[in-house]
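Here is the structure we will look at, set down as structure tokens.
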Amino acid sequence: MPAKVSVPVPDSLSSLLQRFRSCFTAPGYEVFTAMFTGFILRPVERTVCGMLTGAGLAGIWHHSRAHRFFSGTRWDVDQVGMILAALVVDLLLPPDAAILLAIDETLTRRRGPKVFAASWWHDGSAAGAKKIGYGNSWVVLAIVVTVPFCRRPIALPILFALCVKGGRSKPDLGRDLLDQVAEAFPTRTIHLVGDAAYGAGHFAGLGPNITLTTRARSNAVFHHPTPAATGKRGRPRLRGERIGTSTDIANHATKNNTWVDTLINRYGTTITARTTEITGVWFGVWRTDPVRVILVKDSHRRTTTTKSYDIAIVTTDMTATAAEIIARYASRWSIEVCFHDGKNITGVGETQNRVEKAVQRSVPFTFMAQTITVLWYTINANPETQIAYRRRNAPWYTTKTDPSTTDMLYALRDTLTTHRINTTTPGHATSEQNANQQVSPQRVAS
């Protein structure tokens, strides 16, 4: 039997949230539903008490009940994340299709000496040359999907690891997250994309069904594949002759005229770029695992360097075409968009938790709520109608064709608000329930 909750939830959302019922006790699931609903309905200040207020339960529940959900209630972030991963795969991917994962780290800024694991970390979005910030650093694994109503790929966060100074490295934490997905989907091919930080030895020996695509470091040295055994005495060679760095590969391609025009589909557009590639081993990182190095010269890309190429991509995928590998690596940018939307639209990191378990749960909860919102929108919303409405009311968006994260959030918020307020008896709605709604012209006329 479904758990009894104090917050009314429409069937379209309840069917999604019920998939997580096994992760919680009955009281825990009640608070989970309330916190998610408050997260959607609360337009600003998505703190723990803010979500409680958004759910309409301020003064009805004691605020400690909401805080205990993060600091003490029995539930596991990884268990919820794996159920969320299964939902994404089942609802948004064709049967037996490969799973594309993106991995990266992000910083949620916090202050205070008592915030668990808060420290100075690298922050790519920080102003200035040092690019550091104080707060909690997270390694995030997301499933990258392409939905029918959006030209750009969308990253949906599913698994999270909190970094601790002096603890395990970010690539090490990332490998654990990847292994969880690989164990849950043993028959699926998995493609992982990440920036140069994840071109690390922790990802050596991934297995036949898992590939990694990343950006090669400028000083990376590649060698020819492991040569065949000679039959002579002594230890056999593990790598062939030296090929060189990415610059050496580019210069050799220019000298031998091996650059080719390649049609690439990325960021929703198609361009022609010049590419060249070699096959070898990156012995200093992935030992004897075979890799391909693909160099790209893009005339559309602004560059301030004097290199003879724009980007060097290294991948363990030995079967996909160069165009597919480049498009796959370009899709990595979707996780950066996800982080931007999370911090600026959906309120990721606004919770003010300090104790260990609460810190470990609050950011994953809000990121997963963002993923659930996209799932709900994909199944239930009408993007064409919403885009037409937005362009009619904001005519300066002359090229808007795809719904944004804000559009998806507004659509679910409107559905929840409509469900909470019975339109046939509007007098039953309190000012708190209808705090963010304008009075309709029909009610004014009446």
Side-chain angles (χ1 to χ4, degrees), residues 20 22-25 27-36 38-39 42 45-52 55 61-85 103-123 132-142 157-181 202 339 342-343 346-372:
F20 302 96
S22 60
C23 301
F24 304 95
T25 62
Y29 179 72
E30 186 176 3
V31 182
F32 165 73
T33 305
M35 290 293 98
F36 177 84
F39 169 85
R42 184 73 170 175
E45 296 180 352
R46 293 184 179 89
T47 59
V48 175
C49 288
M51 289 186 279
L52 187 69
W61 287 4
H62 193 274
H63 62 85
S64 62
R65 184 176 183 185
H67 284 285
R68 280 198 305 271
F69 175 74
F70 294 102
S71 63
T73 301
R74 189 172 72 248
W75 62 282
D76 182 68
V77 169
D78 288 343
Q79 182 185 8
V80 176
M82 290 312 303
I83 291 178
L84 186 57
I103 191 167
D104 204 354
E105 67 270 2
T106 188
L107 180 75
T108 55
R109 292 180 176 270
R110 293 297 312 278
R111 285 292 180 184
K114 296 185 179 180
V115 179
F116 176 74
S119 186
W120 290 99
W121 301 92
H122 173 265
D123 181 12
I132 59 173
Y134 190 87
N136 293 123
S137 184
W138 293 89
V139 176
V140 180
L141 186 69
I158 55 168
L159 291 176
F160 314 85
L162 179 63
C163 305
V164 179
K165 282 292 185 181
R168 299 170 63 193
S169 67
K170 294 177 180 179
D172 194 19
L173 294 172
R175 178 61 189 265
D176 278 357
L177 301 182
L178 173 63
D179 288 344
Q180 288 187 59
V181 177
H202 305 80
F339 292 159
K343 295 176 183 179
T346 59
V348 170
E350 291 185 11
T351 51
Q352 301 298 304
N353 312 97
R354 295 183 302 173
V355 300
E356 179 176 352
K357 188 170 288 187
V359 169
Q360 291 173 339
R361 288 173 167 181
S362 56
V363 167
F365 173 83
T366 47
F367 263 131
M368 289 189 288
Q370 184 174 319
T371 297
I372 294 172

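Closest heavy-atom contact between Asn353 and Val359: O-CG2, 3.6 Å. Nearest heavy-atom pair, Leu177 versus Val139, reported as atom, atom and distance to 0.1 Å: CD1-O, 3.8 Å. Closest of all the heavy-atom pairs between Leu52 and His63 is CD2-CA, 3.8 Å. Residues Cys163 and Ala117 approach most closely at O-CB, 3.8 Å, considering heavy atoms. In this structure, Phe160 and Asp78 approach most closely via the heavy-atom pair O-OD1, 4.3 Å. When all heavy atoms of Lys170 and Ser137 are compared, the closest pair comes out as NZ-OG, 3.3 Å.
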#### Entry: CA sep, side-chain torsions, deciding dist, call: Arg168, Asp176, side-chain contact (heavy atoms from CB on, under 4.5 Å)
CA-CA 11 Å; Arg168 299 170 63 193; Asp176 278 357; 2.4 Å; yes
### Task
Decide yes or no on side-chain contact (heavy atoms from CB on, under 4.5 Å) for Phe24 and Val80, but give the supporting numbers first.
CA-CA 9 Å; Phe24 304 95; Val80 176; 4.1 Å; yes
#### Entry: Residues Thr25, Arg74; criterion side-chain contact (heavy atoms from CB on, under 4.5 Å); working and verdict
CA-CA 7 Å; Thr25 62; Arg74 189 172 72 248; 3.1 Å; yes
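To the nearest 0.5 Å, atom CZ of residue Phe339 and atom CD of residue Gln370 are 10.0 Å apart. Rounded to the nearest 0.5 Å, atoms OH (Tyr134) and CG (Leu107) are 11.0 Å apart. Here the CD atom belonging to Glu30 is positioned 11.5 Å from the CZ atom belonging to Phe69, to the nearest 0.5 angstrom. Note that the CD atom of Gln352 and the SG atom of Cys49 stand 10.5 Å from one another [nearest 0.5 Å]. Leu159 contributes atom CG, which lies 13.0 Å from atom CZ of Phe367 (distance to the nearest 0.5 angstrom).
No donor-acceptor distance shorter than 3.5 angstrom exists from the side chain of Thr351 to the backbone of Val48, with no hydrogens or angles considered. Remark: side-chain polar atoms of Lys357 are not paired, donor with acceptor, to backbone N or O of Thr73 under 3.5 angstrom. Side chain of Asp172 to backbone of His202: no donor-acceptor contact under 3.5 angstrom is found.
You'll find the ring centres of Tyr29 and Trp75 outside the 6.0 Å limit.
Side-chain contact check for Ile83 versus Ser22: some heavy-atom pair is nearer than 4.5 Å. Under the 4.5 Å side-chain criterion, counting only non-hydrogen atoms from C-beta, Arg65 is in contact with Val31. Looking at Ile103 and Leu178, their side chains never come closer than 4.5 Å, going by heavy atoms from C-beta outward. Side-chain atoms of Glu350 and Met51, non-hydrogen and from C-beta on, never get closer than 4.5 Å to each other. Side-chain atoms of Thr346 and Thr366, non-hydrogen and from C-beta on, never get closer than 4.5 Å to each other. Considering only heavy atoms from C-beta on, Arg109 stays 4.5 Å or farther from Asn136 through its side chain. Residues Val363 and Thr106 have side chains not in contact (no heavy-atom distance under 4.5 Å, counting atoms from C-beta outward).
Cation-pi geometry between Lys165 and Trp121 is satisfied (NZ or CZ under 6.0 Å from the ring centre, within 45° of the ring normal). Taking the centre and axis of the six-membered ring of Phe70, the NZ or CZ atom of Arg361 falls outside the cone set by 45° and 6.0 Å.
Around atom CD of Glu45, no more than 12 heavy atoms belonging to other residues, nucleotides or ligands sit under 6.0 Å away.
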